[in-house]
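Take a look at the structure below.
All values reported here derive from a predicted model rather than from experimental measurement.
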Protein chains: 2
Amino acid sequence: MLSSVFRFTLILPLLGLAHAAKPSTLSPAEVLKQSQPSDWRALDAQNTVLMTVNGSTVIFELAPRFAPRHAANIRKLVSEGYFDGLAVIRVQDNFVSQWGDPVDEEKEPEKLKPLGGAEAKLPAEFSIPLAKLPIARLKDVDGYAPITGFLDGMPVAANPKTGRAWIPHCYGVIGAGRGNAVDSSNGSSLYTIIGQAPRALDLNITVVGRVLKGIEALSALPRGTGPLGFYEKPEQRVPISQARLLADVPEAERPALELLRTDTATWQRWVEARRHASGDWYVHSAEHVNVCNLYPPVRAKPTPAG
Amino acid sequence: MLSSVFRFTLILPLLGLAHAAKPSTLSPAEVLKQSQPSDWRALDAQNTVLMTVNGSTVIFELAPRFAPRHAANIRKLVSEGYFDGLAVIRVQDNFVSQWGDPVDEEKEPEKLKPLGGAEAKLPAEFSIPLAKLPIARLKDVDGYAPITGFLDGMPVAANPKTGRAWIPHCYGVIGAGRGNAVDSSNGSSLYTIIGQAPRALDLNITVVGRVLKGIEALSALPRGTGPLGFYEKPEQRVPISQARLLADVPEAERPALELLRTDTATWQRWVEARRHASGDWYVHSAEHVNVCNLYPPVRAKPTPAG
């Protein structure tokens, strides 16, 4: 059967693995191949967290420019071992995976894990002044914000009318849970987005960073069957054995990864390549890209030529 | 610690469970509460598939208006038991979950499960004439298409310049895998979207329908570790024990579900409620909604009074 030949090959070209360059269009992979070492940067050791979830490592980078107080508090919590022994307590399909202290704080507040030297309450850090932020802007229209782009490797949205900029809730973005009071978060309860970007959350909650690698340890978990996706039984919770600041991990044990810098011409070329469909498979090109469909590439650090 | 009080309650309001109505704004839940029986419809028995994945039921509705030949072929495949005993063979994070015949058609084409009375090759059904389609249009801008909205319970995108309409690749949308030839799909290999809408696929592949219920049986699976998320070992594949057309299931065993009709004033009110943030938790309202953030509500069929 002729058609069956394509059952496995059918989506190969979707990932850019089979891009056949048109005369003036490079594929995303080709853009990266032409990149220079200076287009890449190391992970920010002081703001990168390695978290072990059910034996797998999730690597996320904090966004101190956007949420300095929360980033500092999370660094504190992590360095004091706060997350060690806690758990993923909620996974709601097409929305969020959330982790923190599984203790029911209304029923047994005395059993909550102490926050140690970290702050219990922080001011809202929902947005920052747009001012002259060096955002690598996208030219593409976005329904939720007049400006979108990237800064420090984070997706960014901004509104010149209000003069504010913020990190939009794209897949893999991490936020700090809060109650009804806007200053009720402290970074001890975190969530990441595991579905279509719920941009209605933007400007309503403090975004603290973004997962760089290993999100499947949070996104591929069984969905909770309780209200809002909370796990109903303690044994369903997914254990977090530890979280460590990259700076506290011995150099030799650090993952040798690099992130494509979003303030480079290579980044702009990569975005342009993503905007256009290239290769033999596509018959139509959207000529458009959404800020939440772009994830700055991470690569293994090239070994020095000897 | 004051802040810890909020660890569990923090995202309650996000789902509309705690909406406190503002004078002129109903919450989505309140709109549904005020709906009439005629605002809802039964699942289309001739175009609804119940598929058992690893013991859980996924319910999806085909879109015969958009892909009549593929819908007919899939009905044929399902009614002849084609999918029974096949498997989910690929799960790629933030992209697709794909199912079909696990046999490697290049190495062992003779072992492929026969398609029976179904067609082996169908014409591309990437879009249909826009003409006078009764689309329930959204007023919100979308970067990928001049018009977006809903029709037959499916998300729709359209372009008056080209005169075409299509189903965009939103979370839960199902498509028919194809090779490089646009007429190489037949519906025997299907995928559903499990992440941020990859709208670059729009107009490049035939969309055949949408998951109505149970997508977690496809989205919460372990991600495949092979290229493109294919499972590398046969034992990693997730078994599909059977797929049945709802019409072939005895009435008494059919799931008693209803879908909110998208051609009603209630739908419009529900969309408006989703566009506005309501309740005590939100401090900002996007006043915008994206076609891929709206999923027509499904409910248990009310039992007749009396």
Any side-chain to backbone donor/acceptor pair from N293(A) onto A197(B)? Under 3.5 Å, distance only.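 A pair under 3.5 Å: yes.
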Are any side-chain N or O atoms of S97(B) and backbone N or O atoms of T192(B), one a donor and one an acceptor, separated by less than 3.5 Å?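 No, the answer is negative, given that no donor and acceptor are paired below the 3.5 Å cut-off.
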Among A286(A), G172(A), G195(A), which residue forms the greatest number of heavy-atom pairs with chain B at distances under 4.5 Å?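 Going by pairs under 4.5 Å, I would pick G195(A).
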Name the option with the most non-hydrogen atom pairs under 4.5 Å to chain A; the candidates are N290(B), I193(B), I194(B).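 Looking at each of N290(B), I193(B), I194(B) in turn, N290(B) comes out on top.
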Mind ranking C170(B), G143(B), P198(B) by heavy-atom pairs under 4.5 Å with chain A and telling me who comes out on top?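 Most heavy-atom pairs within the cutoff with chain A belong to G143(B).
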Tell me, side chain or backbone of [X] under 4.5 Å from chain B's heavy atoms, or both, or neither?
X       : value
D140(A) : neither
A220(A) : both
V141(A) : both
L203(A) : both

Side chains of Q98(A) and S189(A) only: does a donor on one sit below 3.5 Å from an acceptor on the other?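 Yes, side-chain donor-acceptor contact under 3.5 Å.
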Regarding E125(B) and T206(B), do their side chains bring together a donor and an acceptor under 3.5 Å, going by distance alone?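 Distance-only check fails for E125(B) and T206(B).
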Is it the side chain or the backbone of V182(B) that comes within 4.5 Å of chain A heavy atoms, both, or neither?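 Interface part for V182(B): side chain.
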Describe, in one word, how the ring planes of Y295(A) and Y171(A) are oriented to each other, choosing from parallel (under 30°), tilted (30 to 60°) and perpendicular (over 60°).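 It falls in the perpendicular class, over 60°.
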Relative to F230(A), does R90(A) satisfy both conditions: NZ or CZ under 6.0 angstrom from the six-membered ring centre, and within 45 degrees of the ring's axis?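 Yes, R90(A) lies over the aromatic ring of F230(A).
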